[in-house]
Structures are given as C-alpha cells and as structure tokens.
Amino acid sequence: MSEYKLKIGITQGDTNGIGWEVIIKALSHPSMIELFTPVVYGAKHIAEFYTRGLEGVEPLHFNICNSAAEARRGKINLVECGSKESRVDVGHATEESAKQAFDALEKASADLVEGNLAAVVTAPISKEAMQKVGFGFTGHTEYFASKAEGEPMMIMCSDILRVALQTVHIPVDRVAESLSAEKITASLVALRQTLKQDFGVVEPRIAVLSLNPHAGDGGLLGSEEESIIRPAIQEAANQGVLAFGPLAADGLFAGGGYKKYDAILAMYHDQGLTPFKALSPDGVNFTAGLNIVRTSPDHGTAFDIAGKDLADAQSMRSAIYEAIDIVRRRNDYKFWSRNPLEHFEREKGRDVSMKDLQVAEEN
C-alpha cells in the first residue's frame, strides 16, 4: 500500500460555536493522522480555550505553518488565522467570530485552489454574522463555487442515503419560479456524473421528488409536476439518466422507498434535508459539481451547546472520511475512464503494475 497521505484542510468555522470542539474531538484520536495529513485553519489560542473545557481530551500538538505546502506528514498542522488577540464569546454570533471564520475560509480555499490540499472540510459558520463582515454569499456552497470551476450541487450523503438539492438557499416562496425543465435536466445529468465519479456507482438510479403534495394530485394541487418536472425526467432519460418520478416526498421516505435509489433529487432545501437528517444524524454535506472537493458536517454552529462539552464529533469525522474517499474515487475514475488509445500509445502495451496504480493515485 502506498505511504502517500492526502492533505485535508479543516476550517475552524465560527469560533463561538461548536466548530473547534468537534475538530479537537475528531483529531484527538491518534489513528486520524495515520489516515491523512490534517491542516487546520484557525487560531491556536482559541483551540486551547476550548480544549480546557473538554473532559479527558489532551491538547492537540500543532505544527505551525504558513500554508498547506509546508504541512508535515504525521503531524496536526495549523495555519494561523485571524487575530491572536481575538476573544471568545461562547454561544453568540459576533463580527469578531465571523472575521475569524472568514479568514480561515480564505486561506483554506487559496491552498485548495493552488493544489496544496486534496480537499477542504468546513466547520459551521453563522451565515447571519458572516454578512456583517463582507462575506457576500448565502453559504459555503456558493462561496466555493466562486473559487472553483463548475456548477455546484449540494448533496447530503450517508451510508444509507444521498439527497441532492435542485434549489438551495432561497426563500420557499421563490422555489416554484426558480424551477425549469432545463435546470432539472441539467441537475439530473450532473447528479449521475457525480454518483459515478465521486461515489463509484456504475449506473445510478435517481428518484426525483415532486414539488407539490401528493405529486400534484393530477393537477389539483399544482401543475409543476406535469409542466416542468416530468418533461425534465423524460429529457434526462433521453440523455442516459435512470431517473424516476415525480414522487411524493412523504411516501418515498416514510415507506422506505428511498432504499431503492442511489440518490434523490429534492426540489428545495427542507424537503430534502429534513428527512435526511432524521434518517442520518451523522451525515455529510458535499459540494458536488466542482473541480475541487469540499465537505462539511451536516449540523450548524449549535450556539446553544457551545463550550459545554456536549457536541458530538461523529459528523465531523464522517465529513473527513468522506472527503478522503471522494478524492480517491475521483482519481480512480479519472484513471480508469481516460482515453484507452492515448494510454496504449503512451504505454506501448506495457503491463500496468500495482506500483503504477499507486503512482497514478498520488499524482
């Protein structure tokens, strides 16, 4: 097995929430640095503040570096962010904590785009507080879309379920007007591709949710199913996508029908995330469709329990594991799906050894 370790960036999130607590708990187990090379973007004095409130957790020993390019394998690396004099106001969204979160994001995304990181895992931010410090985005998904190439798609994933969103951070009263057959078709094509390259599904089966109750009840409860969603599914099928629907969300989730599909496309945020979080409390948020990899825990800042040693780090661990897996699956997909004629011309019929595969993964 190759000794190569992926460098995974982890941003501190809002410093008054549970971000540092779940980071510390996730990285406190010695086996973590055997899986990857962590590069945390945050403030050391704030990490030490939260560590003092955690029972039975030893302080993390950081290797301080200026960027991920200087990160050392076998160490928990830290890129210092924000002001070293910044204060902690546990449980409250402040401009100071938002500035800390923003600076961590900027430094981590720069390293990611420059190729110094394989992926970034983001701890939660306060969207409201971030607007006060010039963030300018409705969430991490939109932020990373501005830094990378491609069209972003928010996918919530776990061992039992994957849910993608057609619309993300918009008011509910704007959902219907934001839907079109063309956009839904494009999402289904993109979802099929990410399931193949990022999750290793050979030919995905995708369930498409309706917008209205009871899938519109034949037009009685709304017309979007027949005028927009069904034509989109048909066009996606013409392009090779195995998509099924429109299906009523309550019946699909309550009856366990979701288990028949590799992913579900929901029309709006709460339609997809409410059942997902009920069924997968330790799930992961993955920003698909971009040429970079970003994941995060599926919870927020949880200001109400911040600093009380109550936060569960399992979703953070899952986000780290998923980031590693997605990077490796994506590299494998690129390797195995490249043009075989170009490969033959380059290799001239040479047998491919396990060492060759390992070198390809590292590159």
Side-chain angles (χ1 to χ4, degrees), residues 3-90 96-112 114-125 293-297 301 306-307 309 311-321 323-324 327:
E3 290 299 314
Y4 182 68
K5 298 291 191 300
L6 296 173
K7 291 181 182 179
I8 306 295
I10 304 172
T11 62
Q12 65 183 350
D14 192 292
T15 52
N16 292 335
I18 64 170
W20 262 117
E21 182 176 338
V22 296
I23 292 171
I24 294 165
K25 289 179 177 179
L27 297 181
S28 63
H29 198 285
S31 66
M32 292 299 280
I33 60 173
E34 297 176 8
L35 296 175
F36 72 107
T37 300
V39 185
V40 185
Y41 293 79
K44 183 180 179 182
H45 71 285
I46 296 178
E48 293 170 342
F49 171 85
Y50 281 105
T51 301
R52 289 193 291 270
L54 301 179
E55 185 177 353
V57 177
E58 295 294 324
L60 299 179
H61 298 288
F62 293 114
N63 173 55
I64 307 299
C65 51
N66 294 314
S67 76
E70 301 176 1
R72 294 176 58 189
R73 196 178 72 180
K75 302 288 185 180
I76 299 176
N77 300 276
L78 178 72
V79 177
E80 283 272 17
C81 299
S83 170
K84 294 183 179 180
E85 284 74 44
S86 61
R87 297 170 298 174
V88 179
D89 188 3
V90 178
E96 193 167 22
S97 64
K99 287 178 182 178
Q100 292 284 132
F102 197 1
D103 190 46
L105 266 178
E106 292 280 76
K107 290 180 179 178
S109 63
D111 268 341
L112 183 62
E114 290 172 12
N116 295 327
L117 293 170
V120 163
V121 178
T122 57
I125 58 175
V293 174
R294 172 258 168 176
T295 65
S296 75
T301 53
D309 197 10
D312 187 343
Q314 185 54 51
S315 188
M316 173 58 78
R317 293 189 195 97
S318 297
I320 293 170
Y321 299 151
I324 295 170
V327 169

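Computed from a predicted structure; not experimentally measured.
At a threshold of 4.5 Å between non-hydrogen side-chain atoms, the residues Ser86 and Thr15 do not count as touching. At least one side-chain heavy atom of Ile10 sits under 4.5 Å from a side-chain heavy atom of Ile320. Val79 is not listed as a side-chain neighbour of Asn66, based on a closest heavy-atom distance of 4.5 Å or more. At a threshold of 4.5 Å between non-hydrogen side-chain atoms, the residues Leu27 and Ile33 do not count as touching. Contact check for Tyr50 versus Val88: side-chain heavy atoms found under the 4.5 Å cut-off.
At distances below 3.5 Å, not a single donor-acceptor pair connects side-chain atoms of Ser296 with backbone N or O atoms of Ala123. In terms of modelled atom types and a separation under 3.5 Å, the side chain of Glu96 and the main chain of Arg87 share a donor-acceptor contact. A donor-acceptor contact shorter than 3.5 Å links the side chain of Lys7 to the backbone of Ala68. No side-chain donor-acceptor contact under 3.5 Å links Asp89 to the backbone of Asn16.
Of all the heavy atoms in Ala26 and Arg317, the pair that sits closest is CB-CG, 3.9 Å.
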Exercise for the section: Output, in order, the C-alpha distance, side-chain angles, deciding distance and verdict of side-chain contact (heavy atoms from CB on, under 4.5 Å) for Arg72 and Asn77. Expected result: CA-CA 7 Å; Arg72 294 176 58 189; Asn77 300 276; 4.0 Å; yes
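The pair Asp103-Lys107 meets the salt-bridge criterion, since a charged nitrogen lies less than 4.0 angstrom from a carboxylate oxygen. Between Glu21 and Lys25, at least one side-chain nitrogen of the basic residue sits less than 4.0 Å from a carboxylate oxygen of the acidic one, meeting the salt-bridge criterion.
Listed by chain and residue number, Phe135 satisfy the ring pair (Phe, Tyr, Trp, His ring centres under 6.0 Å) test with Phe102 (two or more places apart in sequence, or in another chain).
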